[in-house]
Amino acid sequence: MQKHRAEPSQPQLSQCRWCHQSIYCRRKSGGQSIYCHQAQHIKRPGESDSHLQGKRFLKQFFQKQGAHVENEVYYPHLRQRPDVWVMWPNQFIWAIEYQCAYLTYAQFLKRTQVYQSVNLPVFWILGANYLGKIPYAVLHLESQGLGADYSDGVQLKRIHFNGQQACVRQQQCIYPQRLLQKIRQGVQQHRAPYRQLQQRIYLCGGNLLHMPVVCLPTTYLPVGPRSPHWFIYYELWLLLHEQARSYAELLGCVAEIPWYQSVYIDERKWQAFVLTEMLQAWFNAGVIVTVADQICLAKR
């Protein structure tokens with residue numbers, strides 16, 4: 001296979017014969033003339049040095065894997081240019097977006113769908129400034145859990161958002177008495193979101209001030225739901241307190257709450273994954289048991 005190199009087309013010396021993009025000629029220290037793509041020479045307006053450094057690193061990384069790589073290859077019909085364009089020896093092409101600045105879910109989704117409209121796989125790799133946040137839009141589901149790909153300009157790594165991840169640990173409290181005190185204070189002082197959650201739990205026949213201790217998590221749980229895990233546990237507990245339920249019925253309860261969204265994970269699969277982890281924690285703690293494919297409380 002002929003690799004895509006920056007080579008001039010004879011009729012038009014400023015155009016690459018392979019991708020028809022603009023190229024320029026420069027001389028190496030030994031006097032040899034080489035041709036480079038213009039897009040790789042020009043820094044885009046507003047582009048940070050860390051973003052430029054990250055693109056260089058990604059180009060070198062994929063080249064070491066045996067792929068041919070270009071930066072900023074422009075797709076005129078898409079009106080987009082991926083940060084890194086990767087072509088593997090089998091001619092399979094990837095679009096790599098290296099994201100340092102903050103983007104909303106809608107922006108991630110729109111740019112992803114543009115590539116997907118022409119069957120071009122796109123992978124989002126996040127910059128180091130995202131390490132203190134959970135970028136829900138680019139989380140993907142794996143056997144190890146929910147993960148995302150990061151680059152700090154020095155190495156490429158995959159981070160899983162589980163109990164070992166500092167970002168997850170900071171967002172969750174697993175000390176029941178401390179959490180229960182926080183909930184009661186929030187309800188009594190009518191603070192958000194406790195006031196809204198209290199109103200919803202009233203409709204289910206419960207009261208946050210009298211929430212059972214078994215509804216307070218003691219392990220770190222997967223990210224995804226916008227409502228706290230303890231609130232989901234309480235809704236599940238109220239359902240099971242009435243009667244035994246099937247897994248599908250409990251999943252329907254979880255699906256009613258607001259969820260974060262990802263361009264890679266089907267929301268139903270995300271909900272099922274988190275619910276399974278939550279129920280497993282309850283099983284391990286002896287809170288629930290299964291009887292003939294029905295889930296019920298161990299002590300009614």
Side-chain angles (χ1 to χ4, degrees), residues 134 136-148 158 160-165 168-169 171-177 179-180 183 193-194 196-300:
I134 298 181
Y136 297 92
V138 293
L139 289 184
H140 43 75
L141 188 58
E142 300 178 336
S143 58
Q144 302 95 325
L146 298 164
R158 179 160 293 177
H160 292 98
F161 290 98
N162 50 33
Q164 304 302 317
Q165 174 62 24
V168 173
R169 299 171 73 94
Q171 293 198 1
Q172 297 186 37
C173 177
I174 61 171
Y175 304 101
Q177 294 305 319
L179 182 56
L180 188 59
I183 295 169
Y194 303 99
Q196 293 82 355
L197 296 179
Q198 176 74 306
Q199 291 173 346
R200 174 168 171 173
I201 213 69
Y202 274 152
L203 299 177
C204 300
N207 187 337
L208 293 183
L209 293 175
H210 304 122
M211 182 170 55
V213 177
V214 296
C215 297
L216 303 174
T218 56
T219 59
Y220 295 104
L221 295 166
V223 298
R226 290 181 181 268
S227 297
H229 290 99
W230 54 261
F231 179 78
I232 302 173
Y233 267 145
Y234 194 18
E235 286 197 321
L236 296 175
W237 186 89
L238 289 172
L239 284 176
L240 296 174
H241 186 70
E242 294 176 355
Q243 63 182 46
R245 305 279 180 169
S246 67
Y247 180 86
E249 288 177 306
L250 298 182
L251 183 58
C253 171
V254 171
E256 292 180 1
I257 67 172
W259 280 74
Y260 290 101
Q261 296 175 299
S262 171
V263 297
Y264 291 129
I265 310 174
D266 176 80
E267 192 170 274
R268 195 69 170 179
K269 291 182 180 178
W270 197 351
Q271 293 164 353
F273 172 76
V274 175
L275 176 62
T276 301
E277 293 293 316
M278 294 181 68
L279 293 179
Q280 186 61 52
W282 257 1
F283 276 119
N284 295 340
V287 178
I288 56 177
V289 294
T290 56
V291 179
D293 295 330
Q294 295 286 303
I295 301 172
C296 59
L297 295 175
K299 295 181 181 179
R300 296 293 302 273

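The shortest non-hydrogen separation linking Leu216 to Pro176 is CD1-O, 3.3 Å. Of all non-hydrogen atoms in Gly286 and Ala298, the two that sit nearest each other are O-CB, 3.3 Å. Among all heavy-atom pairs drawn from Ile295 and Thr290, the shortest one is CG1-CG2, 4.2 Å. Scanning both residues, Pro222 and Val274, for their nearest heavy atoms gives CB-CG2, 3.9 Å. Scanning all heavy atoms of the two residues, the minimum distance from Ala137 to Ser262 falls at O-OG, 3.3 Å. Between Ala148 and Phe161 the shortest heavy-atom distance is CB-CE1, 4.0 Å.
At least one donor-acceptor pair closer than 3.5 Å links the side chain of Arg169 to the backbone N or O of Gly163. In this structure a side-chain-to-backbone donor-acceptor pair under 3.5 Å is present from Tyr234 to Asn207. A donor-acceptor pair is defined here as one N or O able to donate and one able to accept, closer than 3.5 Å; no such pair exists between the side chain of His241 and the backbone of Leu297.
By the 4.5 Å heavy-atom criterion applied to side chains, Gln294 and Gln243 are not counted as neighbours. Inter-residue side-chain proximity for Phe283 and Ile288 is flagged as met; some heavy-atom pair is nearer than 4.5 Å. Looking only at side-chain heavy atoms (C-beta outward), Val254 and Pro225 stay at 4.5 Å or farther from each other. Here the side chains of Pro217 and Trp230 are in contact, with some heavy-atom distance below 4.5 Å. Contact annotation: the side chain of Val223 approaches that of Leu139 to within less than 4.5 Å [non-hydrogen atoms, C-beta and beyond]. Annotation: side chain of Leu250 is not in contact with side chain of Met278 (no heavy-atom distance under 4.5 Å). The side-chain heavy atoms of Gln165 and Gln171, taken from C-beta on, include no pair separated by under 4.5 Å. Taking 4.5 Å as the limit, every side-chain heavy atom of Leu197 sits out of range of all side-chain heavy atoms of Ile183.
Other residues, nucleotides and ligands contribute at most 12 non-hydrogen atoms within 6.0 Å of the OH atom of Tyr175. Around CD of Glu267, the count of heavy atoms belonging to other residues, nucleotides or ligands within 6.0 Å exceeds 12. For CG of Asp293, the number of neighbouring non-hydrogen atoms (other residues, nucleotides, ligands) closer than 6.0 Å is 12 at most.
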**OP:** May I have the step-by-step check of side-chain contact (heavy atoms from CB on, under 4.5 Å) for Tyr247 and Thr276, ending in yes or no?
**Re:** CA-CA 9 Å; Tyr247 180 86; Thr276 301; 2.9 Å; yes

Original post:
Could you go step by step and tell me if Leu146 and Phe273 meet the side-chain contact (heavy atoms from CB on, under 4.5 Å) rule?
Top reply: CA-CA 9 Å; Leu146 298 164; Phe273 172 76; 3.9 Å; yes

**OP:** Please test Glu277 against His229 for side-chain contact (heavy atoms from CB on, under 4.5 Å), starting from the C-alpha separation and ending with a verdict.
**Re:** CA-CA 11 Å; Glu277 293 293 316; His229 290 99; over 6 Å; no

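Between Cys204 atom SG and Leu238 atom CG the span is 6.5 Å, to the nearest 0.5 Å. Taking CG of Leu275 as the reference point, atom CD of Gln280 lies at 11.5 Å (rounded to 0.5 Å). We find the NZ-CG distance between Lys269 and Leu141 to be 8.0 Å, quoted to the nearest 0.5 Å. Separating the CH2 atom in Trp259 from the CZ atom in Arg268 is a distance of 10.5 Å, to the nearest 0.5 Å. A distance of 9.5 Å separates CD1 of Ile265 from CD of Glu142, quoted to the nearest 0.5 Å. Between the SG atom of Cys253 and the CD atom of Gln271 there is a distance of 10.5 Å, given to the nearest 0.5 Å.
Here the two rings, on Trp270 and Tyr260, have centers that are 6.0 Å apart or farther.
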